[in-house]
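FYI, side chains are in, hydrogens and waters are out, and symmetry mates aren't considered; it's all heavy atoms of this structure. Protein chains get the first letters and strands the later ones, always in sequence-line order, with residue 1 at the start of each.
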Protein chains: 4
Amino acid sequence: MSRIKDINLWKSGERKVEWVKNFMPVVNTLENKYSSSQIFKGKTIGMCIHLEAKTARLALAFKNCGAKVVCTGSNPLSTQDDVAAYLVREGVEVFAWRGETLKEYEENLEEVLKREPDLIIDDGFDLTVMLYKKFPHLKNKLIGVGEETTTGVNRAKALLKDRGLDFPVVAVNDSRLKFLFDNRYGTGESSIASFMRNTNLLVSGKNFVVAGYGWVGRGIAHKLQGLKAKVIITEVDPIKALEAHMDGFDVMPMNEAAKIGDVFITATGNFKVINEQHFYNLKDGAILANAGHFNVEIDMEALEKIAVEKREIRDNIQEYKLPNGRRIFVIADGRLLNLASGDGHPVEIMDLSFGLQFLVMKWLLEKGKELPKSVLSVPEDMEKELAMIKLNSLNINIDSLTEEQLKYLKSWE
Amino acid sequence: MSRIKDINLWKSGERKVEWVKNFMPVVNTLENKYSSSQIFKGKTIGMCIHLEAKTARLALAFKNCGAKVVCTGSNPLSTQDDVAAYLVREGVEVFAWRGETLKEYEENLEEVLKREPDLIIDDGFDLTVMLYKKFPHLKNKLIGVGEETTTGVNRAKALLKDRGLDFPVVAVNDSRLKFLFDNRYGTGESSIASFMRNTNLLVSGKNFVVAGYGWVGRGIAHKLQGLKAKVIITEVDPIKALEAHMDGFDVMPMNEAAKIGDVFITATGNFKVINEQHFYNLKDGAILANAGHFNVEIDMEALEKIAVEKREIRDNIQEYKLPNGRRIFVIADGRLLNLASGDGHPVEIMDLSFGLQFLVMKWLLEKGKELPKSVLSVPEDMEKELAMIKLNSLNINIDSLTEEQLKYLKSWE
Amino acid sequence: MSRIKDINLWKSGERKVEWVKNFMPVVNTLENKYSSSQIFKGKTIGMCIHLEAKTARLALAFKNCGAKVVCTGSNPLSTQDDVAAYLVREGVEVFAWRGETLKEYEENLEEVLKREPDLIIDDGFDLTVMLYKKFPHLKNKLIGVGEETTTGVNRAKALLKDRGLDFPVVAVNDSRLKFLFDNRYGTGESSIASFMRNTNLLVSGKNFVVAGYGWVGRGIAHKLQGLKAKVIITEVDPIKALEAHMDGFDVMPMNEAAKIGDVFITATGNFKVINEQHFYNLKDGAILANAGHFNVEIDMEALEKIAVEKREIRDNIQEYKLPNGRRIFVIADGRLLNLASGDGHPVEIMDLSFGLQFLVMKWLLEKGKELPKSVLSVPEDMEKELAMIKLNSLNINIDSLTEEQLKYLKSWE
Amino acid sequence: MSRIKDINLWKSGERKVEWVKNFMPVVNTLENKYSSSQIFKGKTIGMCIHLEAKTARLALAFKNCGAKVVCTGSNPLSTQDDVAAYLVREGVEVFAWRGETLKEYEENLEEVLKREPDLIIDDGFDLTVMLYKKFPHLKNKLIGVGEETTTGVNRAKALLKDRGLDFPVVAVNDSRLKFLFDNRYGTGESSIASFMRNTNLLVSGKNFVVAGYGWVGRGIAHKLQGLKAKVIITEVDPIKALEAHMDGFDVMPMNEAAKIGDVFITATGNFKVINEQHFYNLKDGAILANAGHFNVEIDMEALEKIAVEKREIRDNIQEYKLPNGRRIFVIADGRLLNLASGDGHPVEIMDLSFGLQFLVMKWLLEKGKELPKSVLSVPEDMEKELAMIKLNSLNINIDSLTEEQLKYLKSWE
């Protein structure tokens, strides 16, 4: 039994999933490898995720490897109803629809837990928290959790500190293959794609200001540089600032950059990075966007306060008129740029993340009861295994160390 | 009197035009410079164009400089009805709506000519040909035509050869600022933007095959290289092939490239560049797209013939199954990639083109009766004037030659 | 009989020539193709060239294809005595040594002409002018001249205009393969190599000002951009300035750039591009260099006049102290940067030029008597043949047009 | 009293040091800041270093801040006698000359220790080891050591483990500003500069194989990519291999790469990375070079064994003929490429390293007696201070966190 919008939407969902399947070789490989042995047979996997094509593909991979799968959305607005319909048609239980109320959202979480999952994939830790609150008897049955986000991992750590954990929670987000690859390759491209799609403007020759030269900022800055934009970096860390300088970027404080920039993209992990003081210095027609996790990097509250006029000038773009007569354009209200009317991260990037989730579920299944009841990192060997699967899918072979070389390297230490 | 879909759609059209206005400094500058003197006062300008925000902006600039403007669409499918409504509300006469029949399309052309234009902006030469066919008495009144496309220029040349022209036709498309800037900067970016939008796939690390290393092919190849794709070039000219090699690309025949490529983009100006023979060599899941003017570079006819199955797998993407079991994905049926569900060229690129059209209309107005009744190039000085306006809008100053330097340079020749 | 410094130096010359031979596949291929038929048998080729390893390789290729070859240097200072010795040992007649006087230089030209050449390769047109002045009886025997430089071509054109030519002079320098490839690929790399070698300074992050965005300036600017320098372009042509902007460079007048730049490289073809007015604005420690053909782009005369002190601070680098106390460093006295204590253009680039010279000599041999007695361009087919030889040496195959495609392309026009 | 080659060589040494001084703003700033207070007054600093212009500049900075400085070379072959002469003339005691015997080298170390240094800058740990062996009574006087190299740090750690240390040894090489900046920015550029200088060959279009995608390999690969070479990466770590793929490089095992590459640069930190098996697969004319610390990455021993002929074909380049008739060229016998007939790292890169050494000496002076007697890392604050000095010298300001932002960031954890 499922609860979704409309089962008849499945056809469109099927196409979406089949499209992404073509570009998810890692998940496909794992599915092929473990479907004959039905390794998840007899196990129930509960998934609380953004229900769209790429996550649906992962759910089906679990199902095809023997698991009973129950899904709910991790956000009341992100569920794609056609994809949900297709999942149901394929035998996955789903409790989610676009536009569900907060109450309905919680009821849906409960439905998943009522299926008594052995393994959980969580995206923000809501499902696990609900388990602790309303289904404490499941604590012993549950083998473990794979948590996809930084926020969720932080909540898990807080829980661990406060009252301990009763099962291992694997911090998938902290792995190099997830964190670095997402930020450097995924966010860079998808943010620029979103900028181009939402504005119809040219990148080359334009002054972009990227706030923050961490992994996200670097990803964006380097891709913009490759498209021949002029990129200005703002930073608070002098070492990163010097790296940006050596990488060919202009570096200056936001106060100065504000007067020069045509487009601003924040990626600092901090808040009020572009604030009231800067708004007054912006050129007429400046465009603001955010690529950091939270929508606080641009001080939208201050902007709403000082603006004398506001209107949607283009889909996803708000125009604010300031007292000095200048207009400022804000994309997606300062929320994540690469999600603004887009499909989020490129398929291949999510394939790496979800391949890792698959291996984490398998690891929990096989070793879960022996693992520490704590927040765990993804083992480095698992990351290497995954990278190797991806390389194989690209027909890329690499060298391996000879006995002699291994010995040489060891003798060094 | 106008004939459009629905005048009440104007609000949405207004927003679209106001958005692009922010990024069209060249047309804005020209409008500001010539609106007080109302230089087009008493003149009627007939425009046959793709009716969307950027062209609408040009029409309004003419109107604000005194012209009476009458518009029709240059393609029955490209008219945006909200933009048309806004134009009408602003006092432009419009005869166009999305989805008009061929008969209606021709009636609309006639409506424009019934206004007896002094100047024509044509996009494919349909309006001018209609004038010769059904309104021959206008030949003497008409001062001249600015033709936007290569196709239109070719038709004008054929007409000139067959029976002479009765007024000058200016080949706007042949100018450096139109041709080079469109192809190198506009097509490169907008093709890649369209690829990312339509597929949700990653560019970096992927094998792209770009067929043709002319201006369009270079534009695309260099932007892909900047995003860290691996780019293979196919060429028939050994000198261009050697340039591609020296620019860091792999060069090989299409037969070999077919086996390696993940994505293929044709930009040769030729036909059957990817043909039946190549289809059988493609990898399962290969993606085909075209950035050349005509949709004949990929031999779609042959593909339709040999495919055993076909379906739309994603918006704008057709999946073909071949007898060998492999799938091929074709974006936008092999029509121009950068228009596939996109907004076409970036605003700033069209601003240069339309600034040129403005100057051409002014030139015809002032000198048209003295100019040869032939197909004319845009004078180099006009291009330099335009480039200077654009540079000024960017607050870029440049050097000028001293008397002494001018003399030095001349003494050389 | 030859006249050189010392025949015993041959061993070192041999190594130099053998080194470059490894990277001159085009000349090697032509030599292999035509040595068995000894196509130049019975003919004497007079060469007036910079006598170093790459030109020596060309001389030997002619010799191995049957020619009698007589060489002299095109500059009293550029002859490498060990290479000259090796040539003599291999059976080429040579009249050249490093440090010859002007009188000796002219005597050496005469020695070449006394051998009554059938074909001439000239580098600046000195040999041909000497023929007209002192050996007018050779005018009828001479089949033709291949001229390597722009200066020489200009002198040939002046001669043609004044009194006509008695044989064809082929302007090798004007060909795409010579002019474009030299400037874009050769000068760019070799100028930067020379900068790094002569200064021991870092490129990345440094402010470079490149004066002129022609082919040389572009070559340098793009390579600097690739190394992550910050590049400022100065220009007098607004269209080129706009291209530079779109290519991601900062564009400004030299007056402004003077205050910002760390390193300046002129490439305009003009004179006094950096002049007295700019010198006073330069930062303390600014470095000046020139990549244009003549050493007049930096106004060295003015600099010498205003400087209060001057010394060689490092090999090839002069330090000038200005009245304002600031120091300016000038590399190689403002002469061609890529020749400053370097080996000039990369071997592979000269291989293309010299392959073209070989084909030009063959063309003159076969058709010279039928060709117009004028300054001739290199035929496009010859350039394509050459490009194909180079591609073959790289194992690169390219596509060719089918009958059907040829017909399609023609039907267009 | 000093012992050098010839005091009369000082003039040339002076020019060399004055040249680099212009591009060492960090050391200059520190010197200016601390010379008035003469912070090193009464202290003796013993330096065991490569005696050339950049290290000489550091020695003089210490002297000008009050120290008595005694220098010796860290390698019998790297001393520049003119620089040594200039140091002596400026009041530094020097015991070093080019070509000293091993015995003389040790005597010179002893001379330094006879001056009873308070502080030591070591480069390989020879001076410190000599202190333990022959001058054990100095152990208590000595405040501490700054060690520049990885090798030296390893020796210090071994000593610490075996018998403890009697003073702190600061591992300057492990700092981000030294390690990352040297490898990414310094080695990349200087290796390519050396390749171009030593071969006179073109980079663009050439197939380079870079073995190892660590920091050195990345530095080289990215600079080569920027110059439009085609770069192949070999790796043993699948995650690094996947990064290389995503960064636009071809990735394959050395066995395959051997057949394709024109130029090979090893940067793995391992040994026998190019070995006998690969030699036989190389193309005729392949060029081998090494950018890793030790000259064991190319198996030169095996190459010497299998070669049937060997000669120096060009300065710094050996030609080996293999039994299969092919020739292989090895630059600098497989020792560090960027030192082959070059000046080593760019001046600005060493300025960062030496600025750090200055701060380390100051730290030891002020806190040395309180610091643990162990191998210490450079404190992060010291790195930030240094980065800030460098940014200031570039006139780059950066943002700093507000109170509010600091609080926000903390609340996160």
To the nearest 0.5 Å, what is the distance between CG (A:Leu242) and CG (D:Leu180)?
11.0 Å

Keeping D:Asn397 on the side-chain end and A:Pro253 on the backbone end, is there a donor-acceptor pair under 3.5 Å?
no

Taken to the nearest 0.5 Å, the spacing of D:Gln277 CD from A:Thr402 OG1 works out to 10.0 Å

Give, as side chain, backbone, both or neither, the part of A:Leu177 having an atom under 4.5 angstrom from any heavy atom of chain D.
side chain

Taking every heavy atom of A:His245 against every heavy atom of D:Ile396, the minimum-distance pair comes out as ND1-CD1, 3.6 Å

With chain A, which of D:Val251, D:Ile239, D:Asn270, D:Leu391 has the greatest number of heavy-atom pairs at distances under 4.5 Å?
D:Asn270

Decide side-chain contact (heavy atoms from CB on, under 4.5 Å) for A:Phe271 and D:Leu409; before the verdict, give the C-alpha distance in whole Å, the side-chain angles of both, and the deciding distance to 0.1 Å.
CA-CA 8 Å; A:Phe271 89 142; D:Leu409 287 179; over 6 Å; no

Select all residues of residues 219-237 of chain D having any heavy atom within less than 4.5 Å of some heavy atom of chain A, and report them by number, or 'none'.
D:Thr234, D:Glu235, D:Val236, D:Asp237

Region of A:Val296 that comes under 4.5 Å of a non-hydrogen atom in chain D
side chain

I'd like to verify something: which residue of D:Glu256, D:Lys157, D:Met252, D:Lys272 has the highest number of heavy-atom pairs under 4.5 Å with chain A?
D:Lys272

Side chains of D:Gln405 and A:Val273: does their closest heavy-atom pair fall under 4.5 Å?
yes

Look up atom CE in D:Met246 and atom NZ in A:Lys390, then write down how far apart they are to the nearest 0.5 Å.
5.5 Å

Selection from D:Ala158, D:Ala387, D:Ala211, D:Ala257 maximising heavy-atom pairs under 4.5 Å formed with chain A
D:Ala387

At a heavy-atom separation under 4.5 Å, does A:Glu385 approach chain D through its side chain, its backbone, both, or neither?
neither

For chain A, find which of D:Asn395, D:Leu386, D:Asp247 contributes the most heavy-atom pairs closer than 4.5 angstrom.
D:Asp247

Here the gap from D:Lys240 atom NZ to A:Arg176 atom CZ, rounded to the nearest 0.5 Å, amounts to 7.0 Å

